[in-house]
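Everything below concerns the one structure shown next.
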Number of protein chains: 2
Amino acid sequence: MSEFFRKALKEKGLKVTPQRVAIFEAITHLKNHPTAENIIAYIKKNHPNISVGTVYKVLDSFVENKLLSKVKTEKDIMRYDSVLTNHHHLYCTETDRIEDYEDEQLNKLIEDYFKAHKIKNFNIQEVKLQITGKFNN
Amino acid sequence: MSEFFRKALKEKGLKVTPQRVAIFEAITHLKNHPTAENIIAYIKKNHPNISVGTVYKVLDSFVENKLLSKVKTEKDIMRYDSVLTNHHHLYCTETDRIEDYEDEQLNKLIEDYFKAHKIKNFNIQEVKLQITGKFNN
DNA sequence: TTCCTCAAAGATAATAATTCTTATTTAGGA
DNA sequence: TCCTAAATAAGAATTATTATCTTTGAGGAA
């Protein structure tokens, strides 16, 4: 299944270990931007012999190698995000939910805007929106 | 000087203590979105008798009462932002610098966009941009 | 102005999340 | 199959933050 993942690791010169596979699976299984704690709990259930320190180190190495990114909430809790396409986030002020928001038209709009309006002394690499509000359901 | 600040505290029913004044001054003095640590260090110099716990508690109460806001970054350290007008952030990938970016035209563009393109099941309260890139200076 | 009360501050212990250390194991190339 | 560097396990250490409990003082009332 995760052929893409094995290939990605190899390209970066990282070894394909059972721990890394398990953690990658955990993240793809856990939706909604899990915290390290969520991931550790899930891992504990299915692979009780993987140590906590390893989970942190693996997560770090994934972030370093752009297989994951980190997201921060108001509440100081770090979360991980497995989606690698350019997308934005919806933050719920009531619950702690974070959802992805993809919108090509919006991306285009912003890209065009910044092409026309350069920021002085700053080279833009990426623009992400934090859309805060409330889900109604 | 910080008449606005004293008034704001009173309005919220909060006492105007020397500690709160000192911490408020520290934040207005420290540019670039200081961390709690930055603030504590600054406070220590000028008011060595203010305790660390107090700084955290005061910062929390400021955030709760909308005198400050917290900034989300990918790093796990929380930063504080004293500017309360709607603005965006420039994140430098090289240094850890965060700068404010205000742009009325952009705000208008985004506002109009979301007026025309509602997000399903979500009521937007605020949209902020995280603009990542590099400063060249 | 003085007094009183409750919110706020100080000191420090406790907690929680993450990082570090060191010994051991193992993936994957030779 | 063997070898080596990279990765993991285990648990100690660190760090940031929160909680507790006692003392202090801001600010309203008398």
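Letters A, B, ... are given to chains in the order of the sequence lines, protein chains preceding strands, and every chain is numbered from 1.
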For A/Glu37, I'd like to know if atom CD has over 12 heavy atoms of other residues, nucleotides or ligands within 6.0 Å.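 Count not over threshold, so no.
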Rounded off to whole Å, could you give me the [atom1]-to-[atom2] distance for the [X] and [N] pair?
X: B/Arg6; N: D/dA26; atom1: CZ; atom2: C1'; value: 11 Å
X: B/Leu14; N: C/dA7; atom1: CG; atom2: C1'; value: 10 Å
X: B/Ile50; N: C/dA8; atom1: CD1; atom2: C1'; value: 12 Å
X: B/Leu59; N: C/dA8; atom1: CG; atom2: P; value: 15 Å
X: B/Ile40; N: D/dT15; atom1: CD1; atom2: C1'; value: 12 Å
X: A/Asp60; N: C/dT19; atom1: CG; atom2: C1'; value: 9 Å
X: A/Lys57; N: D/dG11; atom1: NZ; atom2: P; value: 15 Å
X: A/Leu9; N: D/dA7; atom1: CG; atom2: C1'; value: 12 Å

Any donor-acceptor N or O pair under 3.5 Å, side chains A/Asn107, A/His88: yes
Nucleotide nearest [X] when distance is taken to its side chain, options [options]:
X: A/Val16; options: C/dG28, C/dA7, C/dG10; result: C/dG28
X: B/Gln19; options: C/dA8, D/dA9, C/dG10; result: C/dG10
X: B/Lys15; options: C/dA7, D/dA9, D/dA7; result: C/dA7
X: A/Ala36; options: D/dA26, D/dA9, C/dT18; result: C/dT18
X: A/Tyr56; options: D/dA9, C/dG10, C/dA17; result: C/dA17
X: A/Glu37; options: D/dT8, C/dA17, D/dA16; result: C/dA17

Starting at the 5' end of DNA chain C and moving along, which residue's nearest nucleotide shows up first, B/Pro18 or B/Gly53? B/Pro18
Just N and O in the side chain of B/Ser51: are any of them under 4.0 Å from OP1 or OP2 of C/dA9?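 Result: no.
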Is B/Ile40 close to B/Tyr56 at the side-chain level, that is, under 4.5 Å between some pair of heavy atoms? yes
Which atoms form the tightest heavy-atom contact between B/Leu59 and B/Leu68, and what is the distance?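 So the minimum-distance heavy-atom pair works out to CD2-CD1, 3.7 Å.
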Taking for each residue the nucleotide of DNA chain D with the nearest heavy atom, is it B/Thr17 or A/Val52 whose nucleotide lies nearer the 5' end?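 The residue mapped nearer the 5' terminus is A/Val52.
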Please determine whether ring pair (Phe, Tyr, Trp, His ring centres under 6.0 Å) holds for the pair A/His87 and A/Tyr101, giving the CA-CA distance in whole Å, both sets of side-chain angles, and the decisive distance to 0.1 Å. CA-CA 6 Å; A/His87 66 276; A/Tyr101 176 71; over 10 Å; no
